Number of protein chains: 2
Amino acid sequence: MHSKELLKGTLKTIILKLLREHGRMYGYEITQKVRVLTSGELVITEGALYPALHKLERDQLVRTEQEYIGRRVRRYYSLTPLGEQAVGQKVREFDAFVQMMRQILSPSTATDD
Amino acid sequence: MHSKELLKGTLKTIILKLLREHGRMYGYEITQKVRVLTSGELVITEGALYPALHKLERDQLVRTEQEYIGRRVRRYYSLTPLGEQAVGQKVREFDAFVQMMRQILSPSTATDD
DNA sequence: TCCAATACCTAAGTTATTGATGTATATTTG
DNA sequence: CAAATATACATCAATAACTTAGGTATTGGA
């Protein structure tokens, strides 16, 4: 499979964006959504996801409410006002990054896209 | 300033691409070229550059020849045949990564706020 | 003469990941 | 109905790529 190093730093952007899109989601749901959206290309591991979610919560970009499905805990995440701001910022940041990379990578692969 | 985490994993792609573009370059030259190409947005630190170059050499994607400019050593890097292959691969990998991210981030990349 | 630029380098610390492991409940299948 | 699989949370050691800070030495300009 291809380099996962590229993913570094994009996980939080992905999470925030999905939360804006879907209102509220729980962890496992996020991994499945990403899997489907990318046709299985991108698989978010739980070891990456949960720490990231916890960090977003600590930074007050998301908040949680837990529910019980039967006896099983399900922890729903949704954006805080601060989180709402952050989404746009993060996405723009990513776009800027891509544009910057194009300035370096495109010179001879130019003008498709 | 914006997140540098995004850069992770792109440095070698950048180096290889520049070497293909310019035939051969030395380390310091690469940092300056990147700086100019991105209008100062992206600054490659030497602590990142040199280890990356050494790794590329170890992996036989680049080779070196040193020259003396006056009394000062200058170490030129250029692509090996293996490196030539790797450039295209790396660039395509990056494009694939961006496309994959778009599948997640694009549904509504609206810019409000 | 001294500072900035050129040009190479290494190493400790930081950080976001992977991969392994753990726990427990719910559902499907043979 | 038992067993395997899926759902759902979590932590943690190891890894990889970086940053920051340091080091050496030459060259050019004010």
Side-chain angles (χ1 to χ4, degrees), chain A residues 1-16 24-36 40-59 61-62 64-77 90 93-94 97 101, chain B residues 1-16 24-36 40 42-59 61-62 64-77 90 93-94 97 100-101:
Chain A
M1 227 223 205
H2 29 244
S3 74
K4 306 193 164 177
E5 298 132 20
L6 291 169
L7 269 307
K8 302 241 172 180
T10 60
L11 180 54
K12 281 181 209 126
T13 306
I14 290 171
I15 293 172
L16 292 172
R24 66 173 207 165
M25 299 177 85
Y26 54 99
Y28 187 79
E29 189 184 8
I30 292 173
T31 66
Q32 297 311 303
K33 181 58 86 179
V34 167
R35 194 191 288 265
V36 169
E41 272 185 275
L42 177 54
V43 175
I44 305 294
T45 62
E46 296 177 305
L49 178 73
Y50 291 111
L53 284 171
H54 299 333
K55 186 154 198 299
L56 287 173
E57 190 180 8
R58 204 162 64 244
D59 294 346
L61 300 185
V62 303
T64 70
E65 35 184 336
Q66 54 183 325
E67 279 180 26
Y68 280 87
I69 306 300
R71 241 178 269 168
R72 190 155 56 189
V73 171
R74 186 178 282 180
R75 188 172 282 274
Y76 278 98
Y77 289 86
K90 285 269 192 188
E93 215 167 68
F94 179 77
F97 159 70
M101 283 298 289
Chain B
M1 227 223 219
H2 29 245
S3 73
K4 305 193 166 181
E5 297 132 20
L6 292 170
L7 269 307
K8 301 241 172 181
T10 60
L11 179 53
K12 280 181 209 127
T13 305
I14 290 170
I15 293 172
L16 292 173
R24 64 175 209 163
M25 299 178 84
Y26 54 99
Y28 187 80
E29 190 184 6
I30 291 174
T31 65
Q32 297 311 303
K33 180 60 82 177
V34 167
R35 194 192 287 265
V36 169
L42 176 53
V43 175
I44 305 294
T45 62
E46 297 180 306
L49 178 72
Y50 290 111
L53 284 172
H54 298 335
K55 185 153 197 302
L56 288 173
E57 190 181 6
R58 204 164 62 246
D59 294 346
L61 300 185
V62 303
T64 70
E65 35 183 337
Q66 53 182 326
E67 280 180 24
Y68 279 88
I69 306 300
R71 240 178 269 166
R72 191 153 57 190
V73 170
R74 186 179 282 178
R75 186 172 284 274
Y76 277 99
Y77 289 85
K90 285 269 190 186
E93 215 168 68
F94 179 77
F97 159 71
M100 194 188 66
M101 284 298 289

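Naming convention: chains lettered A, B, ... in sequence-line order (proteins, then strands); numbering from 1 in each chain. Just so we're clear, the structure is a prediction, and the values are computed from it rather than from any experiment.
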message = Can you work out whether A:P51 or B:G27 has the more 5'-proximal nearest nucleotide on DNA chain C?
response = B:G27
Between [atom2] on [N] and [atom1] on [X], what's the gap in Å once rounded to a whole number?
{"X": "A:I30", "N": "D:dA8", "atom1": "CD1", "atom2": "P", "answer": "12 Å"}
{"X": "A:R74", "N": "D:dA8", "atom1": "CZ", "atom2": "P", "answer": "4 Å"}
{"X": "A:Y68", "N": "D:dC9", "atom1": "OH", "atom2": "P", "answer": "12 Å"}

inquiry  = At under 4.0 Å between heavy atoms, how does the protein contact nucleotides 13-30 of chain D? Give one character per nucleotide, 5' to 3', with B, S or -.
reply    = ----BSBB-----BS---
ask   = For D:dT11, does OP1 or OP2 lie under 4.0 Å from any side-chain N or O of A:H54?
value = yes
B:I44 vs B:I30, side-chain contact (heavy atoms from CB on, under 4.5 Å): CA-CA, chis, key distance, verdict = CA-CA 8 Å; B:I44 305 294; B:I30 291 174; 5.6 Å; no
request  = Only counting residues at least two apart or in another chain, list the ones meeting side chain to side chain contact (heavy atoms under 4.5 Å, CB included) with B:T45.
outcome  = B:A48
ask   = If you walk 5' to 3' along DNA chain C, what is the first nucleotide with an atom under 4.0 Å of a heavy atom in chain A, and what is the last?
value = C:dA16 to C:dA26
Determine all donor-acceptor pairs shorter than 3.5 Å in which one atom belongs to a side chain in residues 68-75 of chain B; sequence neighbours excluded.
from, atom 1, to, atom 2, distance (Å)
B:R74, NH1, B:Y76, OH, 3.2
B:R75, NH1, B:T64, OG1, 3.1

With B:Q66 via side chain to side chain donor-acceptor pair (under 3.5 Å) - residues at least two apart = none
ask   = Does a sphere of radius 6.0 Å around CZ in B:R35 hold more than 12 heavy atoms from other residues, nucleotides or ligands, not counting ones at 6.0 Å or beyond?
value = no
request  = Kindly determine whether B:M100 and A:L7 satisfy side-chain contact (heavy atoms from CB on, under 4.5 Å), including the steps that lead there.
outcome  = CA-CA 10 Å; B:M100 194 188 66; A:L7 269 307; 4.3 Å; yes
query = When you look at A:L6 and B:T10, which way does the side-chain contact (heavy atoms from CB on, under 4.5 Å) test go after all the steps?
reply = CA-CA 7 Å; A:L6 291 169; B:T10 60; 3.6 Å; yes
inquiry  = Does anything in residues 45-57 of chain A form a salt bridge (Lys or Arg N to Asp or Glu O under 4.0 Å)? List the pairs, not counting sequence neighbours.
reply    = A:K55-A:D59
